[in-house]
Visitor: 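Submitted below is the structure of interest, expressed as structure tokens.
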Amino acid sequence: MDLSKKLNERQQFAAETLDGPVLILAGAGSGKTRTLTYRVANLIEHGVDPYHILAITFTNKAADEMRSRIQSIASGETAGVWVATFHSTCARILRTYSEYLDYSSNYSIYDADDQKTLVKNICKKLNIDTKFLSEKAIIRRISDCKDNLVSAEAFEKRDHFEFRDKQIAKVYVEYEKELKANNAMDFDDLILKTVELFKKYPPVLENYQDRFQYICVDEYQDTNNAQFEFINLLASKYQNLCVVGDDDQSIYKFRGANIRNILDFERSFPNATVVKLEENYRSTKNILGAANSVISKNINRKDKTLWTKKEEGHKVRFRQLDNAREEADFVYEDIRRDLRNRDIVLNDTAILYRTNAQSREFEERFIAGNMPYKIYGGINFYSRKEIKDVLAYLRTIDNAIDDIQVRRVLNVPRRGVGDTSIQRVAEYAADNNISFMQALRQADLIQKIGRSLKGINDFVSVIDTVSSKWEADEYEDLSDMIDDLLIISGYYDELQALDPDEAEERMGNVSEFISKAAIYTQSYREEHGTDDNPTLSEFLTEVSLVADLEEADPNLDCVKLMTIHAAKGLEFKHVYVVGMENGIFPNCLPMDEQDEEELEEERRLAYVAYTRAEEELTLTAAKCRFLRGEMNYNPVSKFVMEIEPTYIEGNIPRRTSAFGDSYSDVNPYLSRPVERKPLVGFGSLSAAQAQAKAKPKAVLYNAETKPYSKSADAEVRKTNMANNSGFAPGDKVRHIKFGEGVIKEVKTEDGRTIFSIDFEKSGTRNMDAAYVRLTKL
DNA sequence: TACTGGATTATTTTT
DNA sequence: TAATCCAGTA
């Protein structure tokens with residue numbers, strides 16, 4: 001294969017360095033996937049059996065893409081290459097060796113919801129007040145422990161100075177016990193248990209080392225410690241480990257990613273070959289210049305600079321608008337103008353924001369302007385309530401000792417089994433050391449179970465009927481079984497009883513799930529050349545490890561709206577990054593060392609955002625906006641100020657800070673600059689700091705702007721009232737969420753004007769005239 | 001057991 | 001603002 005025709009010099013070098021540890025630092029838009037694909041093809045060409053190649057990714061999407069690209073350039077031979085995500089790789093290994101860890105192979109995989117339910121139950125049992133210590137915080141800490149391979153026992157033995165930590169340790173111990181009892185693992189366990197397996201059973205490890213003699217890891221900057229350990233173990237025998245990533249695009253610290261893995265790669269593998277891919281094929285010089293000037297402010301990064309042969313292009317544009325609504329107006333009008341005057345289609349355009357909540361303003365504007373748009377990043381198909389219900393049924397059938405699932409569906413549809421009864425069954429199960437399901441089977445022996453007994457027996461019989469039919473192979477396939485289950489259980493009936501719109505939506509989702517099951521069966525049969533059904537466990541694993549998020553449909557011509565995180569890896573001709581304000585983006589401000597790290601992560605996020613743009617990059621900010629029902633005045637983002645002036649044009653505030661150019665100190669609403677106390681002080685904390693410390697995140701600005709925001713709040717309310725003053729009882733109106741309705745009453749309650757509106761779909765609601773947005777019909 | 005309304009509290013997210 | 005959750009009531 002002549003790689004020199006397909007790849008630039010650096011890429012070629014990366015694709016030809018086949019043995020030993022290799023670190024490919026692949027900047028944004030530098031042809032990373034291309035290089036990787038050719039590298040794999042090259043391995044095969046050099047006689048490496050595809051069977052010995054492992055390519056690991058984070059997402060299924062990335063795995064699919066890599067698989068199909070390898071397929072397209074390496075003729076035929078690629079079937080044996082194992083391309084999969086970390087989690088599915090580990091899940092597969094664990095299915096084979098589960099018994100070594102005292103699990104059975106049909107273990108359940110718990111997602112965030114299951115975790116939360118479990119932790120909630122445990123807290124109740126241990127009498128821990130979740131107001132004092134939230135489930136979220138507990139789960140976060142447990143996950144951190146698992147990521148660092150700290151077992152519950154080890155964590156418990158530590159000297160905890162904080163009461164909270166002691167509590168967390170208790171929950172963690174119980175959590176592990178419960179998982180084990182339920183034959184369940186959480187996502188972290190998949191990695192952790194595999195590492196455990198490898199460490200405990202060297203022959204098993206060696207088996208996989210010999211199998212995977214060439215390992216490639218994509219998006220290496222996103223790996224956490226457990227994943228690092230996993231890879232480390234696998235690669236330690238042959239040392240043929242190629243990792244690809246970009247430290248500047250490490251934006252997942254909040255879910256455990258450790259940027260040190262990529263920064264210290266050469267320390268872990270001292271004989272590593274390092275290749276930097278710095279030529280960018282995506283963006284113009286101005287866009288890259290802007291991105292580079294911002295990211296160069298980070299301390300913790302590998303030295304590199306993206307460059308391009310492309311033209312200068314347009315300067316990055318910056319616009320500060322008066323408020324969030326005008327920001328949306330501006331973007332909308334700008335896109336409209338491009339559509340009229342230039343060779344641009346909606347598909348070329350993306351709007352990126354820091355937080356999902358920001359999408360609303362744009363959505364409303366696009367609806368009003370009748371411009372096609374699509375918001376990405378809704379909820380995962382498999383985490384919809386009705387789908388989770390169906391899954392809980394299937395898990396009950398597959399793994400009856402998974403109490404969490406059984407308890408979820410015992411009373412769905414309603415069978416008259418309430419909390420009290422569930423509690424009694426749970427106690428009975430605990431007393432007799434049996435699973436919840438087993439306890440249900442003996443429900444007639446449980447004291448005071450009374451009226452619930454019939455419901456419990458109904459439930460048990462549903463599970464038994466379907467299980468035995470499935471075991472006896474009486475169903476055509478999986479989808480057939482699910483359908484039958486939902487009929488027998490009465491789940492369909494309960495869905496139908498909902499109000500029509502909701503019923504339709506949920507039924508739609510359920511039937512989509514059923515067709516997914518049918519498709520899964522079909523492809524399983526083709527792949528294995530059989531007429532058999534896949535096992536339920538296999539299907540459930542697949543479903544647990546696939547998010548099934550909506551993909552950008554290239555045929556749908558519309559503006560795409562998404563968070564910056566969701567945009568990683570994508571590119572668009574014209575990108576708008578909106579809400580460029582301190583307090584929103586960056587979301588936090590530096591208070592101490594740790595926050596400095598967070599700020600660097602935010603800066604990387606800015607870098608990711610800017611480098612999505614191919615031809616035009618527009619940054620916008622609002623002088624004020626509603627945030628959680630409160631008016632906020634935010635200065636222009638430091639990530640705008642950090643762009644070198646030659647690359648940017650627009651109404652950028654003067655840089656007059658006494659603290660370097662890291663803050664925009666000009667509040668446009670004041671005649672004098674805001675007086676700022678030093679943020680990193682010595683000795684006692686300033687009032688602002690104390691407040692920010694007690695209640696971190698984005699409050700710092702509130703602390704300073706509050707005196708002004710109150711009056712401004714009233715001001716805006718007045719304006720809004722003026723806007724809404726044209727409404728009177730009897731008016732037909734439309735609300736963005738509740739649809740059409742009629743104003744029944746306009747009343748005043750402690751100085752506020754309230755509309756009482758009768759909506760067709762959702763009945764009467766009282767809405768504050770100062771906030772509600774209505775369209776007169 | 002089911003429903004309602006007051007309190008509470010807000011990033012980013014794949015597996 | 002708006003979504004979510006739990007406590008208290010019907």
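Reminder, nothing fancy here: chain letters follow the sequence lines and each chain counts from 1.
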Visitor: Taking atom P of C:dT4 as reference, at what distance in whole Å does atom CZ of A:Arg628 sit?
Guide: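 The distance from CZ of A:Arg628 to P of C:dT4 comes to 16 Å, rounded to the nearest Å.
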Visitor: I need the CD-P distance between A:Glu361 and C:dT1, as an integer number of Å.
Guide: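 Rounded to whole Å, this separation is 14 Å.
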Visitor: Distance check needed: B:dT11 P versus A:Ile564 CD1, whole Å only.
Guide: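 It works out to 16 Å between those atoms.
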Visitor: What residues form a ring-ring contact (aromatic ring centres under 6.0 Å, His included) with A:Tyr252, not counting sequence neighbours?
Guide: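 By the ring-ring contact (aromatic ring centres under 6.0 Å, His included) rule, A:Tyr252 matches A:Phe254, A:His565.
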Visitor: By the rule that syn is within 90° of 0, classify the base conformation of B:dT12 as syn or anti.
Guide: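 Anti for B:dT12; the angle lies over 90° from 0.
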Visitor: Give each protein N/O atom lying under 3.5 Å from an N/O atom of nucleotides 13-15 of chain B, with the pair distance.
Guide:
{"residue": "B:dT13", "atom": "OP1", "partner": "A:Thr563", "partner atom": "OG1", "Å": "2.8"}
{"residue": "B:dT13", "atom": "OP2", "partner": "A:Asn356", "partner atom": "ND2", "Å": "3.4"}
{"residue": "B:dT14", "atom": "O4'", "partner": "A:Arg255", "partner atom": "NH1", "Å": "3.3"}
{"residue": "B:dT14", "atom": "O2", "partner": "A:Arg255", "partner atom": "NE", "Å": "3.4"}
{"residue": "B:dT15", "atom": "OP1", "partner": "A:Asn60", "partner atom": "N", "Å": "2.7"}
{"residue": "B:dT15", "atom": "OP1", "partner": "A:Asn60", "partner atom": "ND2", "Å": "3.1"}
{"residue": "B:dT15", "atom": "OP2", "partner": "A:Ala547", "partner atom": "N", "Å": "3.4"}

Visitor: Would you mind reporting whether A:Arg325 and A:Glu364 have side-chain heavy atoms less than 4.5 Å apart?
Guide: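 They are not in side-chain contact.
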Visitor: Map A:Leu605 and A:Ser452 onto DNA chain B by nearest heavy atom, then report which one ends up closer to the 5' terminus.
Guide: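 It is A:Ser452, whose closest nucleotide lies nearer the 5' terminus.
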Visitor: Between B:dA10 atom P and A:Asn632 atom CG, what is the distance in whole Å?
Guide: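 In whole Å, B:dA10 P and A:Asn632 CG are 15 Å from each other.
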Visitor: Could you give the CD-to-P distance, from A:Glu630 to B:dT8, as a whole number of Å?
Guide: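 One finds 17 Å between P of B:dT8 and CD of A:Glu630, rounded.
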Visitor: Between C1' on C:dA2 and CD on A:Glu364, what's the gap in Å once rounded to a whole number?
Guide: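 Computing the A:Glu364:CD to C:dA2:C1' distance gives 13 Å.
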Visitor: Base, sugar-phosphate, or nothing: which does A:Glu219 touch, judged by heavy atoms less than 4.0 Å apart?
Guide: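 Since no nucleic acid heavy atom lies under 4.0 Å of A:Glu219, the category is nothing.
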Visitor: Is the distance from OP1 or OP2 of C:dT1 to the nearest side-chain N or O of A:Arg360 less than 4.0 Å?
Guide: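 Answer is no, no contact under 4.0 Å.
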Visitor: Rounded to the Å, how far apart are A:Lys120 NZ and C:dA7 C1'?
Guide: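 These atoms are roughly 14 Å apart.
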Visitor: Taking CG from A:Asp222 and C1' from B:dT12, how many angstroms apart are they, rounded to a whole number?
Guide: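 Nearest whole value for this atom pair: 13 Å.
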Visitor: Just to confirm, is there a sub-4.0 Å distance from OP1 or OP2 of B:dA2 to any side-chain nitrogen or oxygen of A:Arg414?
Guide: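 Result: yes.
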